[in-house]
Amino acid sequence: MKTVKTIIPFLFFFFLFESLAAKDDVFKGDTIRYKFDKMLIEVASSDYVNYNPGEEQIQQGIEQVQQILKEMSITPPEEGKKVVISLHDLDGKLLTSNYQDLKLKLEEENSKGLIVFDDGTIFEKDFGQYCIFLISRQVNVKVFVENLSDLNFFSSETFKVKAKEATNAVREKAGAGYRKSPVQACVEISGSTPEVYIQSSPYKSLDMLYLTGGIGSGWVKNTFVSDISFRLGLGFARKGMIKNIYSIEWSMMYDFSNSNNNKFFELNHFASFGWEHNFSNSPLEDKWYGFSVGYLVKRNNDFFKENTFRVSVKKKINDTISLKPELYFNDFLKNVYPGIRLSVTF
């Protein structure tokens, strides 16, 4: 029971960092533009397959905007202008209750609103007098229309079928690589079958080898400890961002329990296998968490018992500093005790 009470503050401290790190940024790795006769829809997300314009959350957002607009009077913009009506995410769901939830802004028309493909095909990326802009953690959606009444077609069964067919057509043309590489595409869905145009991606693969070293300090078994570590890892990218790192680490830990005797530098060596995942969808700010399992491969004093294991959870605070709450075990889940370390990577 005493051990559990000791662990609780460390877990609280760790999850506090997690909550502070949460952001609403959306990484626009995939951007698909769907063109219909009276409508242009731009969908930006990290996985376009799961976020097509016919998806329920997007449909609900548009319907809610329409409901509020019925209670408002919007003056049509003058030539060369566009009204942008924005609805922001609330706890992962697009919700409105009245006109105060919407933001209206008048913008200049985009003078560079055309995309020209290698075969000469020209595609608009800006359209109409009005833009409905849905902003959420998972996806950003822009719906361009000439008249607000054109939004009615957005919720029709015909449009839902065409949107799904268009997304499947993009996936088929992009090939299996769409899961890893960003997809930029334009789709004409006015005809009987969707016409797909894929843009060349400016991103390159970021898979890489990591060779790093670091120092750290912390508190284990009610004793101040310090360590030096070396790590070899493989990082794998998805949609232009490093998302997963698999690594092995060798760390040498020194405790100060016997610092007054002649054997000052007796180090205990741990070998660990770890996995880290970047939960961020924004290239501007990473959100790394990791998990590792280590074993005491070389024991030089009595600070740790034989057959000691440790389980670490890692929260990366910035590019160099990480927080590691830990649990240590003797002889497979015996004598459990907590620890916490702060490490600096070079």
Side-chain angles (χ1 to χ4, degrees), residues 22-74 82-105 107 124-171 178 183 185-190 194 239 279-282:
K23 300 292 181 182
D24 290 337
D25 298 334
V26 174
F27 173 47
K28 300 175 179 61
D30 293 344
T31 300
I32 314 299
R33 296 181 175 92
Y34 302 82
K35 178 65 172 65
F36 208 77
D37 291 334
K38 297 181 179 181
M39 187 183 303
L40 174 67
I41 303 102
E42 177 183 291
V43 181
S45 70
S46 59
D47 188 358
Y48 75 88
V49 174
N50 292 323
Y51 294 102
N52 71 77
E55 195 262 337
E56 183 177 1
Q57 180 186 358
I58 299 175
Q59 291 283 327
Q60 290 178 348
I62 293 295
E63 290 173 3
Q64 290 168 3
V65 171
Q66 288 180 281
Q67 188 66 31
I68 300 301
L69 290 178
K70 291 178 181 179
E71 305 173 9
M72 301 173 60
S73 177
I74 300 179
K82 177 185 278 81
V83 176
V84 179
I85 305 168
S86 302
L87 172 60
H88 283 258
D89 166 85
L90 179 62
D91 295 331
K93 296 181 179 179
L94 293 164
L95 301 174
T96 61
S97 57
N98 55 54
Y99 70 93
Q100 294 178 343
D101 295 316
L102 300 181
K103 295 183 179 179
L104 276 66
K105 183 171 63 172
E107 291 185 354
E124 292 177 283
K125 63 178 182 181
D126 200 351
F127 174 84
Q129 292 184 303
Y130 301 91
C131 173
I132 309 301
F133 189 14
L134 305 181
I135 307 166
S136 71
R137 182 185 296 271
Q138 296 84 8
V139 59
N140 284 2
V141 180
K142 291 182 179 179
V143 182
F144 299 90
V145 291
E146 188 64 33
N147 298 292
L148 291 175
S149 59
D150 295 333
L151 291 172
N152 294 328
F153 180 70
F154 193 93
S155 58
S156 68
E157 290 300 321
T158 300
F159 175 79
K160 293 178 183 179
V161 171
K162 285 184 171 291
K164 187 175 181 179
E165 290 176 349
T167 302
N168 290 335
V170 174
R171 177 166 55 180
Y178 81 88
V183 177
C186 300
V187 191
E188 177 64 61
I189 59 175
S190 299
K239 304 293 184 181
F279 287 89
S280 173
N281 285 326
S282 170

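Throughout, residue positions are numbered sequentially from 1 according to the sequence presented. Quantities reported herein were computed from a predicted structural model and do not represent experimental measurements.
Two residues are said to be in side-chain contact when any heavy atoms from C-beta on lie closer than 4.5 Å; V145 and F154 fail this criterion. The closest side-chain heavy-atom distance from Y51 to V141 is not below 4.5 Å. L134 has its side chain within reach of V65: a pair of non-hydrogen atoms, C-beta onward, lies under 4.5 Å apart. Inter-residue side-chain proximity for F36 and D150 is flagged as unmet; no heavy-atom pair is nearer than 4.5 Å.
Taken from CZ in F133 to CG in N140, the straight-line distance is 4.5 Å, to the nearest 0.5 Å. For the atom pair CD1 of I85 and NZ of K142, the computed distance is 14.0 Å after rounding to the nearest 0.5 Å. Of the inter-residue distances, the one linking L104 atom CG with I74 atom CD1 reads 5.0 Å to the nearest 0.5 angstrom. Interatomic distance, CG of N52 versus CZ of R171, reported as 10.0 Å (0.5 Å rounding). Separation of atoms CD (Q60) and CD (Q64) is listed at 6.5 Å; rounding is to 0.5 Å.
In this structure, Q66 contributes its side chain and S149 its backbone to no donor-acceptor pair below 3.5 Å.
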Audit row: Y130, L151, side-chain contact (heavy atoms from CB on, under 4.5 Å) steps and yes/no
CA-CA 10 Å; Y130 301 91; L151 291 172; over 6 Å; no
I'd like to know whether V143 forms a side-chain contact (heavy atoms from CB on, under 4.5 Å) with I58, so could you lay out the CA-CA distance, the side-chain angles of the two residues, the decisive distance to 0.1 Å, and finally the verdict.
CA-CA 10 Å; V143 182; I58 299 175; 6.0 Å; no
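Across every non-hydrogen atom of G61 and L87, the tightest pair is O-CD2, 4.0 Å. Minimum interatomic distance between N50 and E55 (heavy atoms only, all atoms of both residues): O-CG, 3.9 Å. The two residues E107 and K105 come nearest to each other via the heavy atoms OE2-CE, 3.0 Å. Smallest separation of non-hydrogen atoms from K35 and E188: O-OE2, 3.2 Å.
With sequence neighbours excluded, the residues that form a side-chain contact (heavy atoms from CB on, under 4.5 Å) with Q129 are P77, E146, N147.
Side-chain contact, T167 with Y34: a donor N or O sits under 3.5 Å from an acceptor N or O.
Comment: E42 engages R33 in a salt bridge, judged by a side-chain N to carboxylate O separation of less than 4.0 angstrom. Using a cutoff of 4.0 Å between basic side-chain nitrogens and carboxylate oxygens, E165 and K162 are not scored as salt-bridged.
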